[in-house]
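Below is one structure, written out as structure tokens, with a few remarks after it.
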Amino acid sequence: MPTPHFLTRNYLAALIVSLAAAGCGGGDGGTTSGTTGSNASATTTVVDITAAILANQNIALSTDSVINLPAGVTTYTGVISGQGTLLLNPAAGSSHPSTFVLTRASTFMLPDSRQVETVTKTVYPGMGYALSITGSNPPALTINPGVTLQIGSNTSADNSPNIIATSDSKNPASVVNGEINLDNILNNGAIVLNSAQFILLGQVSGTGSISQLPNVWGGNSMGGVNPFSGVLALSAGQDFGTNHVSPSIPNAKAVVNEGSWLVWSAPNSVVTVTQNIYEASFGGDINFHPIGNSRIIMRGVYSHTDNSPHGSANLVNPGLSDASLNLAKVIYRGGPNDANGNDGSYRGINIESSGTVQWGDGTTHDFFLPSAPSPFAVSPALGAKNTYINLHRGGTLALNYNGPVSLNVGITGGGGGPDRDGSTGTGNVTIMPTTGNDVTFSQPQNYNGITTIGAKAILRLGAGSPQPLNYDKLVYNSSTQQYVKSTTLQATYNGDSSLLTAESASGASTDSIVNDGSLIVQNTTDAITLSNISGTGTFLQNGTASTTLRNNSFSGAAIINSGSVLAASANAFGSGNLTNNAGLGLGSTLFELTLAGSYQQTASGSLTLPINGTSKGVNYGHLTVAGPVVLGGVLALNFSGTFTSGQKFTLIDAGGGITGSFSNVTSSGPAVDITLNGGVLYATVR
């Protein structure tokens, strides 16, 4: 879905000017001795301004104030300014909640003596600047249980509704720059966002929820630490932080995403989201914006929800009753979830900045984006996907888990969301160096960049088995008020994967793999090429499909356990040792393979060499091995052309000597004799 426009500096400046020009007259509704609770000192006089609010008068606070709301909806068209705090109370003794609707911006702020929050601006060359918050003001507004504060009416009657202090005695406007709201809120009721204008929230605490009503496109943002423990729900678009202000919701119960959630981290910061994010239907996405060297860490799961229908967020217990619904296309028929659409489990990811988006914090293997098989193609031939990942602008997706996880999504630059064009992604993928971090890619990948495998980590290309694309239909039983699920197999993917290389049709010369852990190829059907592999890690060929290697410099061991590996350059195996338990051959134009370590071929291994002429390494296959060679298994010689008896071919030169022997030698041409002289293995035509 389209990304909402972020609040610009010019818009904020205009907003601040309009707030300063707003009328601040009006009276109060009487004075009451007492305090507003946590908002005030023990000696502060509390003024009851209920009558003035109900009369829609402008109010200039000079002390702490209280509004005792009637039951039902109270729409306020005035402006609250001045210095003081405000307490919203529900109707006394009423079972009906009270809703207070703001339609114009209010500018009141804490008295100078209670201001402790300071904002600091730091410039990071090449990355912009960050605003950091030290300390936390006590709440300027308290919402008691039973009260809903609705900001805006989502109509033309709204006049930038907000509760916003963008400067105070400790923080001049030139520093805050309209990007931080210094009016913090203690919310033990509910905050509802319903404005066509942008809403900038102060830091929110309390037990209440924050929700955005359906079809509200004004946008909103929160920054700093927001310790509220309720649910955060959005329906259209919401900025979580900005490019200059990092956010936090350490205690929130969950996030319900029914639109575009724009998650930001300011330069030189780390933003961590521990909550699960729930989405009910096709059309929502998460847009990540890590700026510069910053990082966004998602510890939870981006999940479908079957108990929070689209357009009616569950603010008590959003969740998913059946985890398998994340791994299938989902449709509901009848009941409260029918509005969730034809693919309720569809979720999308857009990584839009050059920083790092990290899934997992190394303490869990609950994968952030569980999914059905979802190729990078716009319209997959085998059946529609239910997720997508678009990687843009050189950003990095880092995976950090302590156990096995599977990425069933093909990363691309335009495979889903607003840019469904199938373009190639631009950025990097990192498997972080955490013990147990074992990541499987079960779909081909379509991004240009560097794939990094950290020490102790594993990247598996290919699942090693077929991957089902299921279609789950849930039909509502009105008698039991429950959904009954039936599952149909729509398609089966082979589970194979690949990475773009310099040799790929969409490849770039900078495409490479840095492997300091373990790279394991498990494809069963699709042959792939891997190149420009560096690092100290190991390479394992465990799939039955063939892999071609070329132009590599990794120093770890290579082991061929299944299928075959074709060397397409002399340095295909880098500088490590090679063990062949399956099949090793040379590419169609290669006749020389150089191994800087050792070579061992076991009884289950086979070595296939072409012989098209009589020049070693030029037109017939030859191995130069710096270390020792241990032979076993099969030697297959593929002759092409005419050869005469007595012609001798040097097949292996081993600096560390040769031991063992082939158990079988096959030839597609003349019969040959195999002889060994020290560290040299020969084949001679009979």
Side-chain angles (χ1 to χ4, degrees), residues 279 281-285 302-304 322-333 340-350 367-391 405-425 429 439-447 459-474 485-500 504-507 521-529 542-547 563:
E279 186 171 298
S281 67
F282 173 84
D285 55 24
Y302 184 19
S303 172
H304 173 56
D322 181 353
S324 70
L325 296 180
N326 277 327
L327 306 177
K329 293 182 60 187
V330 176
I331 186 170
Y332 295 89
R333 288 290 179 257
N340 287 0
N342 191 53
D343 192 356
S345 62
Y346 202 103
R347 287 145 288 143
I349 296 292
N350 297 296
F367 190 56
F368 178 71
L369 189 64
S371 165
S374 296
F376 65 76
V378 175
S379 300
L382 294 183
K385 54 194 173 182
N386 80 333
T387 53
Y388 65 84
I389 301 174
N390 289 332
L391 180 60
V405 297
S406 292
L407 176 68
N408 298 328
V409 186
I411 302 171
T412 184
D419 301 313
R420 299 181 184 91
D421 57 11
S423 60
T424 303
V429 174
V439 179
T440 296
F441 289 177
S442 71
Q443 289 290 320
Q445 302 301 320
N446 189 39
Y447 61 89
L459 173 61
R460 301 175 189 267
L461 296 180
S465 61
Q467 301 296 297
L469 175 60
N470 290 323
Y471 181 77
D472 287 349
K473 184 176 182 180
L474 291 98
K485 183 178 77 171
S486 60
T487 301
T488 302
L489 179 64
Q490 182 174 353
T492 300
Y493 287 87
N494 60 24
D496 289 351
S497 186
S498 62
L499 298 173
L500 293 184
S504 303
S506 300
V521 180
Q522 301 184 154
N523 284 2
T524 60
T525 303
D526 296 341
I528 62 171
T529 295
N542 286 355
T544 55
S546 67
T547 300

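Note: hydrogens, waters and symmetry copies are ignored here, and every other heavy atom, side chains too, is used. This one's a predicted model, so the numbers in the text were calculated from it and none came from an experiment.
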Please report the interatomic distance CG(Leu499) to CG(Leu459), rounded to the nearest 0.5 Å. 6.5 Å

Identify the heavy atoms of Ser374 and Asn386 that sit nearest to each other, and give their distance. OG-N, 3.2 Å

Let me confirm one number: the CG-CG distance from Leu369 to Leu407, rounded to the nearest 0.5 Å. 7.5 Å

The test is side-chain contact (heavy atoms from CB on, under 4.5 Å); show your working for Val521 and Ile528 and say whether it passes. CA-CA 9 Å; Val521 180; Ile528 62 171; 4.0 Å; yes

Those residues at least two apart in sequence (or on a different chain) that pass ring-ring contact (aromatic ring centres under 6.0 Å, His included) with Tyr302 are Phe368

Heavy-atom closest contact (Gly422 atom, Asn446 atom, distance): O-ND2, 3.7 Å

Euclidean distance, Glu279 CD relative to His304 NE2, rounded to 0.5 Å: 9.5 Å

Gly462 to Ser497 - nearest heavy-atom pair and separation: N-CB, 3.4 Å

How many angstroms lie between OH in Tyr447 and CD1 in Ile411, if you round to the nearest 0.5 Å? 5.5 Å

Heavy atoms only: give me the nearest Ala545-Asp526 pair and the separation to one decimal. CB-O, 3.5 Å

Is a side-chain donor or acceptor of Thr412 paired with a backbone partner of Ser423 at a separation under 3.5 angstrom? yes

Test Phe376 against Ile389 for side-chain contact (heavy atoms from CB on, under 4.5 Å), laying out the working first. CA-CA 8 Å; Phe376 65 76; Ile389 301 174; over 6 Å; no

Looking only at the side chains, is there a donor atom on one of Asn326 and Ser345 sitting less than 3.5 Å from an acceptor on the other? no

Interatomic distance, Asp285 atom CG to Thr387 atom OG1 [nearest 0.5 angstrom]: 12.5 Å

Taking all heavy atoms of Asp496 and all of Asn523, pick out the closest pair and write down the distance. OD1-CA, 3.2 Å

Looking at Thr524, is its backbone amide N or carbonyl O close enough to the side chain of Thr544 to form a donor-acceptor pair, meaning the two atoms are under 3.5 Å apart? yes

ring-ring contact (aromatic ring centres under 6.0 Å, His included) filter on Phe282, not counting sequence neighbours, yields Tyr346

Testing the basics here: between Leu500 and Gln445, what is the closest heavy-atom pair and its distance to 0.1 Å? CG-O, 3.8 Å

Could you list the residues that satisfy ring-ring contact (aromatic ring centres under 6.0 Å, His included) with Phe441, not counting sequence neighbours? none

Quick one: do the Asn408 and Ser406 side chains pair a donor with an acceptor below 3.5 Å? no

Lys473, NZ: over 12 other non-hydrogen atoms inside 6.0 angstrom: no

Could you tell me whether a side-chain N or O of Lys385 sits under 3.5 Å from a main-chain N or O of Gly415, the two making a donor and an acceptor? yes

Indicate yes or no for a side-chain donor-acceptor contact from Lys329 to the backbone of Asn342 under 3.5 Å, with no hydrogens or angles considered. no

